[in-house]
Protein chains: 2
Amino acid sequence: MAGIAEVARVAGVSKATASRAITGSGYVSHATRTRVLEAASALGYAPSTSAVSLATGRTQNVGVIIPYVDRWFFAEVLEGIQDSLLREGYDLTLYDARPGTPGRKRVFEDFLARKTFDGLIAIGLEPDDHELDRLVAIGRPVVSVVGEAGPTTSLVTLDDQHAARRATEHLLELGHTRIAFLGGGGADGAHVDHDRLLGYHATMREAGLAPWHLPSPVTLPGGYAAAADLLGDVRARPTGIVGTCDEVAIGAVIAARRLGISVPSSLSVVGIDNHEYAEMFSLTTLEQRPQEQGSKAAELLLAQLRSPGAAPVQLHLQATLIMRNSTAPPLGAASASVS
Amino acid sequence: MAGIAEVARVAGVSKATASRAITGSGYVSHATRTRVLEAASALGYAPSTSAVSLATGRTQNVGVIIPYVDRWFFAEVLEGIQDSLLREGYDLTLYDARPGTPGRKRVFEDFLARKTFDGLIAIGLEPDDHELDRLVAIGRPVVSVVGEAGPTTSLVTLDDQHAARRATEHLLELGHTRIAFLGGGGADGAHVDHDRLLGYHATMREAGLAPWHLPSPVTLPGGYAAAADLLGDVRARPTGIVGTCDEVAIGAVIAARRLGISVPSSLSVVGIDNHEYAEMFSLTTLEQRPQEQGSKAAELLLAQLRSPGAAPVQLHLQATLIMRNSTAPPLGAASASVS
DNA sequence: TTGAAAGCGGTACCAT
DNA sequence: ATGGTACCGCTTTCAA
């Protein structure tokens, strides 16, 4: 309840001086500064954010647009963002924008227009043209996590093609030739899965091998069902599977076990993510660190807020291979090594 | 950029009238109202939230304090909250308060004091006394999801004892007598797991059976490891397991399968949650609907904001049994039925 | 039914 | 180094 006027009165100075002392801007003698600060803490003074925003034009708040909070990757990125923002004293406003929901429409039509934030972070948004227009129209800096580079926005993303390429190469190096790619290709065709599929295709083509793509929902049960289907036919079975993400890959591992196919001796499976369950399933995978991506995105945004002129930054991260025990040379192959 | 003054000018009225027309409060003739509204939409007018907040004292914003966003239950509750708030035009500010982190301290010391919200929702917070003080000191309505009832705050929670009781009873009714409880009891001793353990204990005691509690981290890998331990000893093995939550229960199912113990014929497993993976593992479970809990919490809070005098509400939800295929009578038992 | 003007709680410019 | 004061953009009495 105590306002800055009260603080000023108690400290025996003017509002102006009190403001300077508290915000730390402008000249204030050491003596008065401490006097003001003491008065403030004695009164339990906390500046009204709306008054500050109104006067300064800054909200000390960052908006985060996210399609799902209940998926591993998104939740991890969000944690990373939150962590960085908290450290810098920024609030975080969450906008849930699940594709195809009325809520998403409202976010773009109503909520963003309020501009209750100094900048935005969009996680795996994949906006359509109209949504993109709205986003740009806001006139606030935007950082994307996952996706394509725009000319005006910064970006933090995994190099998805590269990750899929490395996963595929890993199986090739072990001597596999019958390698299937599990995931994506659905109607919602996420950009991520598209890129990973591309990386797989290119790598297979370069190795002179036939690509073998099985669409699957990008979830653990989805991977399980798709893999169960795939592995059901005893004779036409791959010896290696690249999962578009760890959840799909783990689904495949579980399906294989249920069918009595032992991993890795009869079937190799590699994923992308390093999901929290990966270790438990001894899953070989290409690690990406979503929390770090989130932190990085927040830092890029805050930097942008500090120096508005600065050019946008595009960060392409490379996944690193973590070898566990879900991949091995195919049965009956001398252990091969391709440079 | 366009302010209400601009809108008023274009519509040929005063700021006051424009404000009335836009907010829908006070008398405005139908003719002028439409004129103002047209001017507003023509100019793409959006009211400045900081100005509105400063003038009205309301922020149209709800703060959500959450210890983890990357756990299923919490993420689901958050989705539910977001959904309800969005519908009512409220923003949602997220405060991450992972136990034992410096961030949590900052949330309680600095961020909450800013009062950038009209009310708070705390999900599974389990605040210590000091934190509770701070929470109350804010002077804004609070709704808790999960946990204990305070005299001043509303609450939405599952009846955890009851859920565990029902899970245990289910196994008893099938004829099991050697029933272990998996989960909780760790150092972080969450209230939830404590209550569920209590419900299990009481039910076993009433049935004249020896309780058998195995501590375990409340995660899928945690349940897996604990169950692997438990089931390793062939002779002293339970015929039924109650998991403190589905992730733990699913971990147990996976561990059993790996050990060649077939579920449900040699081992019954029941969980609590109805987690998104439950169906894939045919897990019998006691369903709670976290999204609905979140929506409900948001509605309670908004109701409280509308009528500040109203008494707090305590909602205790009952989980309902979903029978799948992870539970069956124990080997060699005539199918029993207890009324 | 409408308009004028006084705040809401700060910040920042301009003097002193 | 400090104080006076005009805003920031909107809501809300009070008078007309």
Side-chain angles (χ1 to χ4, degrees), chain A residues 1-41 43-61 89 91 113-118 139-140, chain B residues 1-37 39-41 43-61 89 91 113-118 139-140 305:
Chain A
M1 282 306 296
I4 200 174
E6 181 84 355
V7 173
R9 206 175 47 69
V10 170
V13 298
S14 70
K15 274 172 55 180
T17 306
S19 174
R20 285 188 210 106
I22 289 167
T23 61
S25 70
Y27 292 97
V28 187
S29 77
H30 190 72
T32 50
R33 157 164 295 125
T34 47
R35 213 147 26 88
V36 170
L37 261 29
E38 275 167 12
S41 79
L43 294 168
Y45 168 76
S48 146
T49 47
S50 18
V52 173
S53 301
L54 187 56
T56 62
R58 339 185 143 284
T59 60
Q60 290 281 55
N61 184 106
D91 272 338
R114 290 193 198 165
K115 302 187 210 182
T116 58
F117 40 77
D118 296 332
R140 297 256 187 290
Chain B
M1 282 305 297
I4 201 174
E6 181 85 354
V7 174
R9 207 176 45 69
V10 170
V13 298
S14 70
K15 276 170 52 181
T17 305
S19 173
R20 288 190 206 105
I22 289 167
T23 61
S25 69
Y27 292 97
V28 187
S29 77
H30 190 72
T32 48
R33 157 164 294 125
T34 47
R35 211 144 30 88
V36 170
L37 262 27
S41 80
L43 293 169
Y45 169 75
S48 147
T49 48
S50 19
V52 172
S53 302
L54 188 55
T56 62
R58 339 186 141 284
T59 60
Q60 289 281 55
N61 185 104
D91 272 338
R114 289 194 199 165
K115 303 187 212 186
T116 59
F117 40 76
D118 296 332
R140 297 256 187 289
L305 291 175

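Atoms considered below: every heavy atom in the structure, side chains included; atoms not considered: hydrogens, waters and symmetry mates. Quick note on labels: first sequence line is chain A, next is B, and so on, each numbered from 1.
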Check this one for me: any side-chain N or O of [X] less than 4.0 Å away from OP1 or OP2 of [N]?
X	N	value
B:Thr56	D:dT11	no
B:Ser19	D:dT11	yes
B:Ser14	C:dG3	yes
A:Thr17	D:dA1	no
B:Tyr45	D:dC10	yes

*asked:* Could you tell me if the side chain of A:Arg114 sits less than 4.5 Å from the side chain of B:Asp91, heavy atoms only?
replied: yes
Quick one: label [X] by what it contacts on the DNA or RNA (base, sugar-phosphate, nothing), any heavy atom closer than 4.0 Å.
X	value
B:Thr32	sugar-phosphate
B:Ser48	sugar-phosphate
B:Ser25	nothing
A:Thr23	sugar-phosphate

Closest non-hydrogen atoms of A:Val13 and A:Arg35, given as atom of the first, atom of the second and distance, are CG1-NH1, 4.2 Å
Next on the checklist: So which atom in B:Ala21 and which in B:Leu37 form the shortest heavy-atom distance, rounded to 0.1 Å?
Outcome noted: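 Closest pair (atom of B:Ala21, atom of B:Leu37, distance): O-CD1, 3.9 Å.
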Mind calculating the distance between [atom1] ([X]) and [atom2] ([N]) to the nearest angstrom?
X	N	atom1	atom2	answer
A:Arg58	C:dT11	CZ	C1'	12 Å
A:Tyr27	C:dC13	OH	P	14 Å
A:Gln60	C:dG10	CD	C1'	14 Å
B:Arg35	C:dT1	CZ	C1'	12 Å

- request: Please test B:Glu6 against B:Arg9 for salt bridge (Lys or Arg N to Asp or Glu O under 4.0 Å), starting from the C-alpha separation and ending with a verdict.
  value: CA-CA 5 Å; B:Glu6 181 85 354; B:Arg9 207 176 45 69; 3.4 Å; yes
Between B:Arg20 and B:Ala55, the residue closer to the 5' end of DNA chain C by nearest nucleotide is B:Arg20
Problem set entry | Position toward the 5' end of DNA chain C (nearest nucleotide), B:Ala51 or B:Ala18 |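 Counting from the 5' end, the first nearest nucleotide belongs to B:Ala18.
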TODO: Run through B:Val36, B:Val28, B:Thr32 and flag the one making a side-chain contact (heavy atoms from CB on, under 4.5 Å) with B:Arg20.
DONE: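 For B:Arg20, the side-chain contact (heavy atoms from CB on, under 4.5 Å) check succeeds only for B:Val28.
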Please confirm whether any donor atom in the side chain of A:Lys15 sits under 3.5 Å from an acceptor in the base of D:dG4, or the reverse. no
